[in-house]
Amino acid sequence: MRRPLVAGNWKMNGSREITKTLVTGIGSDLPGDCGIDVVVCPPYVYLDLCSDLLGLQPVSLGAQDLDIHGPGAFTGAIAADMLLDVGCRYVIVGHSERRSLYGESDESVAEKAAVATARGLTPIICVGETQEEREDGITAEVIRRQLGVVIENAGGKIFPQALVAYEPVWAIGTGLTATDHQAQEVHALIREQLSDASEEAAMGTRILYGGSVKPDNAAGLFAQPDIDGGLIGGASLKAADFLGIIKAANS
Ligand code: 13P
């Protein structure tokens, strides 16, 4: 049985004040054991503050990216060991914004996933097709390529520790959510592909859906057999909405 997971990707949003309000708001209404794993991924500069604020709350900390190198002369970069040092357990890799705006390749995403896992972090590996790719009917091919490079280069053994997040690019921040059926269809393909790594990877890996998830569409998505939770952008910046999504994952 895969334990559901809901992660909030704050992207480049927040301030010290907003971090305090948001983390306190989430914590005040979260039951001690809410039956699912909850993760917040603030910008790097607020990780330490978030870690202090979370204290004993049943919420884990994640980063939005990492560098593949160890500590050293890499100006502007953040190493896996630094993330561990401030209390991170998770790290998002290969978000479509990193791929499209910062030129990350399938190979660099695979390398980041491998480094994260080797250092003891749990990577949340994002895959997803653009609107154009969906219209061209090549969604399955795109996902197969993105995940295939991870399985080949990082090695199948990173699963089921590593998570996969299916985030159709056309659904991110647009209000256009994939239908339950569209999302389930791709999640089933991902699970099938994970069996190339191992049967344990296929059965045990948690596959999250991301893209305009809100409290009112979360329950339908999370009810699908291969959807094990969500990677939430905009709605994770409002405590009430994020809590509503957590509740949907736990019902
Ligand atoms: P939205 O929930 O704002 O669509 O963002 C999804 C996302 O990119 C999470 O990583």
Side-chain angles (χ1 to χ4, degrees), residues 4-14 18 22 26 36-44 46-47 50 59-66 83 88-104 109 112-113 116 121-131 133-134 139 142-143 146-147 150 162-180 182-183 186-187 190 206-222 224 227-249:
L5 184 145
V6 170
N9 175 10
W10 295 7
K11 309 194 178 184
M12 197 171 73
N13 291 293
I18 290 172
L22 198 45
I26 296 166
I36 69 163
D37 291 332
V38 179
V39 184
V40 289
C41 305
Y44 284 140
Y46 303 123
L47 283 170
C50 234
V59 178
S60 300
L61 195 60
Q64 298 174 17
D65 189 26
L66 86 165
L83 300 181
C88 286
R89 287 184 51 199
Y90 295 84
V91 61
I92 299 170
V93 298
H95 191 280
S96 66
E97 286 147 19
R98 303 271 345 149
R99 292 177 189 260
S100 67
L101 303 172
Y102 300 95
E104 289 199 8
V109 173
K112 287 181 178 194
L121 286 160
T122 296
I124 301 174
I125 304 160
C126 301
V127 296
E129 81 288 4
T130 62
Q131 173 91 51
E133 289 163 340
R134 176 159 282 265
T139 298
V142 170
I143 306 294
Q146 292 174 336
L147 188 58
V150 173
L163 279 79
V164 178
Y166 169 54
E167 297 207 311
V169 179
W170 48 272
I172 295 177
T174 57
L176 289 174
T177 323
T179 63
D180 301 344
Q182 281 172 323
V186 178
H187 279 235
I190 291 172
R206 290 180 287 182
I207 309 173
L208 312 180
Y209 170 80
S212 298
V213 178
K214 306 275 181 269
D216 58 0
N217 61 19
L221 288 160
F222 297 163
Q224 303 304 310
I227 301 185
D228 305 309
L231 181 55
I232 320 300
S236 72
L237 296 168
K238 292 185 197 130
D241 286 359
F242 194 52
L243 284 162
I245 293 169
I246 291 168
K247 204 166 149 202

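Order of listing sets the numbers, starting from 1, for every ligand and every atom in it. This chain uses plain numbering: 1 for the first residue, then up along the sequence.
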remark   = For G173, the ligand 1 atoms with a heavy-atom partner under 4.0 Å come out as 1 (P), 3 (O), 4 (O)
inquiry  = At less than 4.0 angstrom from any non-hydrogen atom of H95, what atoms of ligand 1 do you find?
reply    = 7 (C), 8 (O), 9 (C), 10 (O)
ask   = Can you name the one residue among V39, V91, L163 that meets side chain to side chain contact (heavy atoms under 4.5 Å, CB included) with T122?
value = L163
Non-hydrogen atoms of C88 and L121 that approach each other most closely = O-CD2, 3.5 Å
ask   = Between I172 and ligand 1, which residue portion shows a heavy-atom distance shorter than 4.0 Å: side chain, backbone, both, or neither?
value = both
key: Short N or O distance, G234 and ligand 1, threshold 3.5 Å exclusive   = yes
query = Between D228 and I207, is there a donor-acceptor pair closer than 3.5 Å when you use the side chain of the first and the backbone of the second?
reply = yes
note = For I92 and C126, the nearest pair of non-hydrogen atoms, with its separation, is CG2-SG, 3.7 Å
ask   = Numbering the atoms of ligand 1 from 1, which are under 4.0 Å from a heavy atom of G211?
value = 4 (O), 6 (C)
inquiry  = Check this for me - ligand 1, E167, N or O atoms closer than 3.5 angstrom, yes or no?
reply    = yes
key: Within reach of ligand 1, part of S236 (heavy-atom separation under 4.0 Å)   = neither
Closest non-hydrogen atom pair, A171 against A178 = CB-N, 4.3 Å
ask   = Is any N or O atom of S212, backbone or side chain, closer than 3.5 Å to an N or O atom of ligand 1?
value = yes
task = State if K214 counts as touching ligand 1 under the rule of any non-hydrogen atom under 4.0 Å.
result = no
query = Would you say A171 touches ligand 1, if touching means a heavy atom closer than 4.0 Å?
reply = yes
inquiry  = Please report whether ligand 1 has a polar contact with G233, defined as an N or O pair separated by less than 3.5 Å (distance criterion only).
reply    = yes
query = Looking only at heavy atoms, which two atoms of C50 and V40 are closest? And how far apart?
reply = SG-CG2, 4.3 Å
note = Tested for side chain to side chain contact (heavy atoms under 4.5 Å, CB included) against L22, the lone hit among Y46, W10, F242 is W10
query = So, H95 and Q64: side-chain donor and acceptor under 3.5 Å apart, yes or no?
reply = no
request  = Give a yes or no on this: more than 12 heavy atoms of other residues, nucleotides or ligands lie within 6.0 Å of atom NZ of K214.
outcome  = yes
inquiry  = I'd like to check which ligand 1 atoms, numbered from 1 as shown, lie under 4.0 Å from a non-hydrogen atom of N9.
reply    = 9 (C), 10 (O)
request  = Using distance alone, decide if ligand 1 has a nitrogen or oxygen within less than 3.5 Å of any nitrogen or oxygen in L231.
outcome  = no
